[in-house]
Number of protein chains: 2
Amino acid sequence: MAKDFQSSKPIYIQIADHLSSQIVRGEMRAGEKLPSVREMAIQSGVNPNTIQRTYSEMERMGIVETRRGQGTFVTENEQVLKDLKSRLQTDIIHSFVQNMKDLGYSQEEMITGLEQYLRREQE
Amino acid sequence: MAKDFQSSKPIYIQIADHLSSQIVRGEMRAGEKLPSVREMAIQSGVNPNTIQRTYSEMERMGIVETRRGQGTFVTENEQVLKDLKSRLQTDIIHSFVQNMKDLGYSQEEMITGLEQYLRREQE
DNA sequence: ATTAGTGTTCTAGTTAGATAGTACACTAAT
DNA sequence: ATTAGTGTACTATCTAACTAGAACACTAAT
C-alpha cells in the first residue's frame, strides 16, 4: 500500500476502514494476528503512532484484541464480526440513498442508475 | 442550517457540496444570486472566510460567477450545470459500488441490497 | 538472565482547516 | 459625493491530525 490517501479523512480512520473491509471479506480470519504496529507502519508508509491509533480505535470497537507483548488479533467473537459487516453495509447503502436523494433522484432512478452503471462497468 | 457538520470533511467543501446539490436539484436556478459571503456565513454559523473559500472553490469549478460589488451568481452556462449533475451522480454511484465491492458483495447483491433497503424505508 | 518482538506512553513539532478582526476595492442607489 | 452592500485580502491565533523520536513495559524464546 502506498500513500494514496484522501486528504479529507484522517489516515488512521482510513486504515481502520481498510482493515475492517479485509476482515469482513474474510481475507483476515477471526483470531488471526495483524501486522505489528511497526510493521504495519512501514507497510502503510505512515508513522507508528498513526497505526497505534488505528488499532486503539479498532479495539474500542471490539474488532480486534491486543495482547501486550504478543500482538494485535482479530476478535474471536463471530457475532461482533457479523454485526460489523451488517453495519458497514447499511451505512454504505444509507449514505448512497441520502446522496442520491440530495441530487433529486427518486428511488426508481437510484436503482436504474445503479443498474446502468454496473452494465457499463462489465465491458 | 445549524452546525451539524461531519468532522471528517472540511466545512467549506461540505457547504459547496450542499449548494451544488441545491443547484442540481433546480432549487437554485441559473443566474440566481447566492447569499452574500457575510449573509451565508451567518446562515451557516461559520466564519465569512470559510464561505469565501467555498465560493472561490465553486468559481474555480465554473459553477458560480462572482461580480465584484454585486454578488455571486449561479452560472448561466447550462452545459456546466448538466455536466455537474452527471458528474455528481456518477461519483456517488462509483463510490457506492467501490465500497460494496470492498466488503465483498457481488453486483447482484448490491442491487438486491439496495432494493431491500428502499423497501424497508418506505414504511 | 538475556534478547527480540511486541504494545504503550510521552514530548515536541508540523500542517491544514477554521476562526477572528480588520481593511481595502468595486458597484449601484441615493 | 455619500452610503450600503458586495467581493477580496491580509495577519494572527487556535485546534486536530499527523509526524518524529525516544523511552518504557510486557511476553516468549533462548
Side-chain angles (χ1 to χ4, degrees), chain A residues 1-20 23 28 30-77, chain B residues 1-20 23 28-76:
Chain A
M1 195 196 312
K3 287 196 185 187
D4 62 337
F5 300 113
Q6 310 169 338
S7 57
S8 61
K9 220 172 179 180
I11 292 175
Y12 78 102
I13 298 284
Q14 292 183 50
I15 295 175
D17 287 348
H18 184 246
L19 288 172
S20 295
I23 293 169
M28 301 204 67
E32 191 169 332
K33 184 176 177 304
L34 278 70
S36 78
V37 169
R38 292 169 180 78
E39 170 67 20
M40 191 64 183
I42 294 170
Q43 276 184 32
S44 307
V46 302
N47 192 277
N49 287 331
T50 303
I51 304 299
Q52 172 65 22
R53 267 194 230 172
T54 297
Y55 285 4
S56 296
E57 179 64 13
M58 292 180 78
E59 181 162 38
R60 197 188 60 76
M61 294 191 289
I63 303 171
V64 301
E65 289 166 8
T66 61
R67 297 179 213 140
R68 200 186 178 97
Q70 296 187 58
T72 304
F73 303 82
V74 178
T75 181
E76 307 263 13
N77 188 334
Chain B
M1 195 197 310
K3 287 196 184 187
D4 62 338
F5 300 112
Q6 308 169 340
S7 58
S8 61
K9 220 172 180 182
I11 294 174
Y12 78 100
I13 298 284
Q14 293 182 49
I15 295 175
D17 288 347
H18 184 246
L19 288 173
S20 296
I23 293 169
M28 299 205 69
R29 302 296 176 83
E32 191 170 332
K33 183 174 177 305
L34 277 70
S36 78
V37 169
R38 292 169 180 80
E39 170 66 22
M40 191 64 181
I42 293 171
Q43 277 186 32
S44 306
V46 302
N47 192 278
N49 288 329
T50 303
I51 304 299
Q52 173 64 24
R53 267 191 233 173
T54 298
Y55 284 4
S56 295
E57 180 64 14
M58 293 180 77
E59 180 162 39
R60 197 187 59 75
M61 295 193 288
I63 303 170
V64 300
E65 290 165 7
T66 61
R67 297 180 213 137
R68 201 186 176 97
Q70 295 187 57
T72 304
F73 303 81
V74 179
T75 182
E76 307 263 13

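Naming: A, B, ... by sequence-line order, numbering from 1 per chain.
For Thr72(A), no side-chain nitrogen or oxygen approaches OP1 or OP2 of dT6(C) to under 4.0 Å. The side chain of Thr50(B) contributes no N or O atom lying less than 4.0 Å from OP1 or OP2 of dG17(C). Side-chain nitrogen and oxygen atoms of Ser36(B) include none within less than 4.0 Å of the OP1 or OP2 phosphate oxygen of dG5(D). Phosphate proximity of dT8(C) to Thr66(A): present, with a side-chain N or O under 4.0 Å from OP1 or OP2. Using a 4.0 Å cut-off, some side-chain N or O of Gln70(A) falls inside it from OP1 or OP2 of dA28(D).
Distance CZ (Arg38(B)) to P (dA20(C)): 16 Å, rounded to an integer number of Å. Rounded to whole angstrom, the span from the CG atom of Asn47(A) across to the C1' atom of dA17(D) amounts to 12 Å. Spacing between atom CD of Gln52(B) and atom P of dT6(D) amounts to 14 Å, rounded to whole angstrom units. To the nearest angstrom, C1' of dG5(C) lies 14 Å from OH of Tyr55(A). Distance CG (Asn49(A)) to P (dT14(C)): 16 Å, rounded to an integer number of Å. For the pair Arg68(A) CZ and dA25(D) C1', the interatomic distance rounds to 4 Å; values are reported in whole Å. Note: NZ (Lys9(B)) to P (dA16(C)) measures 19 Å, nearest angstrom. Taking atom CD1 of Ile51(B) as the reference point, atom C1' of dG21(C) lies 17 Å away to the nearest angstrom.
Residues Val64(A) and Leu19(A) form no side-chain contact, since every pair of their non-hydrogen atoms from C-beta on lies 4.5 Å or further apart.
Using a 4.0 Å heavy-atom distance criterion, Ser56(A) is classed as making no nucleic acid contact.
At least one donor-acceptor pair under 3.5 Å links the side chain of Gln14(B) to the backbone N or O of Lys9(B). Checked by atom type and distance alone, the side chain of Glu32(B) pairs as donor or acceptor with a backbone atom of Arg29(B) at under 3.5 Å.
The nearest pair of heavy atoms linking Tyr55(B) to Thr72(B) is CD2-OG1, 3.5 Å.
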